[in-house]
Enquirer: 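Below are the C-alpha cells for one structure; questions will follow.
Start at 1 and go down the list; that is how both ligands and their atoms are numbered. Starting from 1, each residue takes its place in the sequence as its number.
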Amino acid sequence: MRLIFLGPPGAGKGTQAKRLTDKYSIPQLSTGDMLRAAVSDGSEIGKRAKEVMDAGGLVSDDIVNQIVSERIEQPDCAKGFILDGYPRTVPQAKALADNMRQKNLVLDAVIELRVDEEALVRRIESRVAETVAAGGTVRSDDNPESFRKRLSEYREKTAPLSQYYEQQGELVLLDGMADVDAVTAAIEAVLEKDGDTGASAARI
Ligand code: AMP
C-alpha cells in the first residue's frame, strides 16, 4: 500500500499516518522528521535545511526528492509506505511520479485532510502545550510566526497539488476537522474500497 497524505501543517497527517503504520505494517515517511534528524546529526543536508525550516520555508525540491528516493528503496518499504509531508510542491509530485515509475511502484491513494485554518492555529497551540506538559522539546518551528509562514507556503506551493492529483483521479478528500477516530475510520474505508459504509462519515 503506497499512500500520500496531503493537508496543511497541523491537519492530523502525522497522527493518522502513525495509526496506519500499525494497522498495515508499513512505515510512515515524514520528510519533516527526516530533515529534523539530518539537522540534529549535523549532516551537510541538515546544515543547509535548518535555517529555512526554522523560518517556516520549504527546503529545496532537490534535497527532499533525493532523500525520499533513497528512503523508499529501503527494505522496510517493500510492502509500501505512507508519505507524510511529501510531496509539497508540484515539481516534487512530478519527481515522485518519475521515481516511482522507474522503480515500478504504483500509488494507491492520495488522501487530503481538509481543515479550517483558524482551528489549525489552536491545534498547534495545544500541540505545543501538550509537548511542554509531557516534558518534551517543542519544535523550533512551532511558534506563531513560523506557523503562519508554513501556512502561507502551504497555500501557495502545496495546495495546487489537490488539483494536480484530482486531475489524475487519485484524490480523496476527507474532513480533517472530524473526530480523530472518525477520520481514521474514513481513511480505512477508502483504503478498503468500502466507501458506502457509515465509517465514511468524514468523507467530503
Ligand atoms: P513537517 O514536519 O512536515 O511540518 O515539516 C517541517 C519542515 O520541514 C517544513 O516546514 C519544511 O521546512 C521542511 N519540509 C518537510 N517536508 C518538506 C518537503 N516535502 N519539501 C520541502 N520542505 C519540507
Enquirer: With backbone taken as N, CA, C and O and side chain as the heavy atoms from C-beta onward, which portion of Glu51 lies under 4.0 Å from ligand 1: side chain, backbone, both, or neither?
Expert: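 Contact part for Glu51 vs ligand 1: neither.
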Enquirer: Considering non-hydrogen atoms of the protein only, which is the closest contact for atom 1 (P) of ligand 1, and what is the distance?
Expert: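 Ranking protein heavy atoms by distance from atom 1 (P) of ligand 1, first comes Arg88 NH2, 3.5 Å.
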Enquirer: Heavy-atom pairs closer than 4.0 Å: do any link ligand 1 to the side chain of Gln92, the backbone, both, or neither?
Expert: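 Within the 4.0 Å criterion, Gln92 contacts ligand 1 through side-chain atoms alone.
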Enquirer: Do Leu6 and Leu113 touch side chain to side chain, with heavy atoms closer than 4.5 Å?
Expert: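 With C-beta onward as the side chain, the pair stays apart.
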Enquirer: Do Asp141 and Phe147 have side-chain heavy atoms sitting under 4.5 Å apart?
Expert: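 The answer is no; the side chains never approach within 4.5 Å.
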Enquirer: For Arg150, which part has a heavy atom under 4.0 Å from ligand 1: side chain, backbone, both, or neither?
Expert: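 Side chain only; the backbone of Arg150 stays clear of ligand 1.
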Enquirer: Which option out of Gly57, Pro87, Gly32 puts a heavy atom nearest to atom 11 (C) of ligand 1?
Expert: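 Among Gly57, Pro87, Gly32, the closest heavy atom to atom 11 (C) of ligand 1 comes from Gly57.
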Enquirer: Is the closest heavy-atom distance from Glu153 to ligand 1 below 4.0 Å?
Expert: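 Glu153 does not count as a contact of ligand 1 under the 4.0 Å cut-off.
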Enquirer: Side chains of Ser140 and Arg36: closer than 4.5 Å at any heavy-atom pair?
Expert: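 No; the side chains remain at least 4.5 Å from each other.
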Enquirer: If we ignore hydrogens and angles and just use 3.5 Å, is the side chain of Ser25 paired with the main-chain N or O of Thr21 as donor and acceptor?
Expert: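 No, because the side chain of Ser25 does not come within donor-acceptor range (under 3.5 Å) of the backbone of Thr21.
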Enquirer: At a 4.0 Å threshold, what atoms of ligand 1 neighbour a non-hydrogen atom of Leu35?
Expert: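 In order of numbering, the contacting atoms are 8 (O), 13 (C), 14 (N), 15 (C), 23 (C).
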Enquirer: Specify the protein heavy atom at minimum distance from atom 4 (O) of ligand 1: its residue, its atom name, and the distance to 0.1 Å.
Expert: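 Of every protein heavy atom, Arg139 NH2, 3.2 Å lies nearest to atom 4 (O) of ligand 1.
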Enquirer: Can you hop from Ile67 to Tyr86 via hydrophobic side chains spaced under 4.5 Å?
Expert: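 Ile67 clusters together with Tyr86.
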Enquirer: In this structure, which one of Lys13, Gln28, Lys18, Gln16 forms a side chain to side chain donor-acceptor pair (under 3.5 Å) with Asp84?
Expert: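 In the set Lys13, Gln28, Lys18, Gln16, the residue that makes a side chain to side chain donor-acceptor pair (under 3.5 Å) with Asp84 is Gln28.
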Enquirer: So if you build clusters from Ile, Leu, Val, Met, Phe, Trp, Tyr with side-chain heavy-atom gaps below 4.5 Å, do Ile72 and Val59 land together?
Expert: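 Cluster IDs for Ile72 and Val59 match.
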Enquirer: Below a 4.0 angstrom heavy-atom separation, can you tell me which part of Asp141, side chain or backbone, both or neither, approaches ligand 1?
Expert: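 Asp141 to ligand 1: side-chain contact only, backbone stays beyond 4.0 Å.
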Enquirer: Would you indicate which of Met34, Lys50, Met53 comes nearest to atom 7 (C) of ligand 1 when only heavy atoms are counted?
Expert: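 Considering heavy atoms of Met34, Lys50, Met53, the nearest to atom 7 (C) of ligand 1 sits in Met53.
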Enquirer: Check whether any side-chain heavy atom of Thr89 sits under 4.5 Å from a side-chain heavy atom of Thr158, and report yes or no.
Expert: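 Not in contact.
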Enquirer: Return the residue, atom name and 0.1 Å-rounded distance of the protein heavy atom closest to atom 22 (N) of ligand 1.
Expert: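 For atom 22 (N) of ligand 1, the nearest protein heavy atom is Val59 N, 3.1 Å.
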Enquirer: With a heavy-atom distance limit of 4.0 Å, tell me whether Val64 approaches ligand 1 through its side chain, its backbone, both, or neither.
Expert: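 Under 4.0 Å from ligand 1, Val64 contributes side-chain atoms alone.
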Enquirer: Please tell me if the side chains of Thr31 and Leu83 come closer than 4.5 Å, counting only heavy atoms from C-beta onward.
Expert: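 No, their side chains stay 4.5 Å or more apart.
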Enquirer: How far is atom 16 (N) of ligand 1 from its nearest protein heavy atom, and which residue and atom is that?
Expert: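 Nearest protein contact, heavy atoms only, for atom 16 (N) of ligand 1 is Thr31 OG1, 2.8 Å.
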Enquirer: Would you mind listing which atoms of ligand 1 come within a distance below 4.0 Å of any non-hydrogen atom of Tyr86?
Expert: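 Every atom of ligand 1 under 4.0 Å from some heavy atom of Tyr86: 19 (N).
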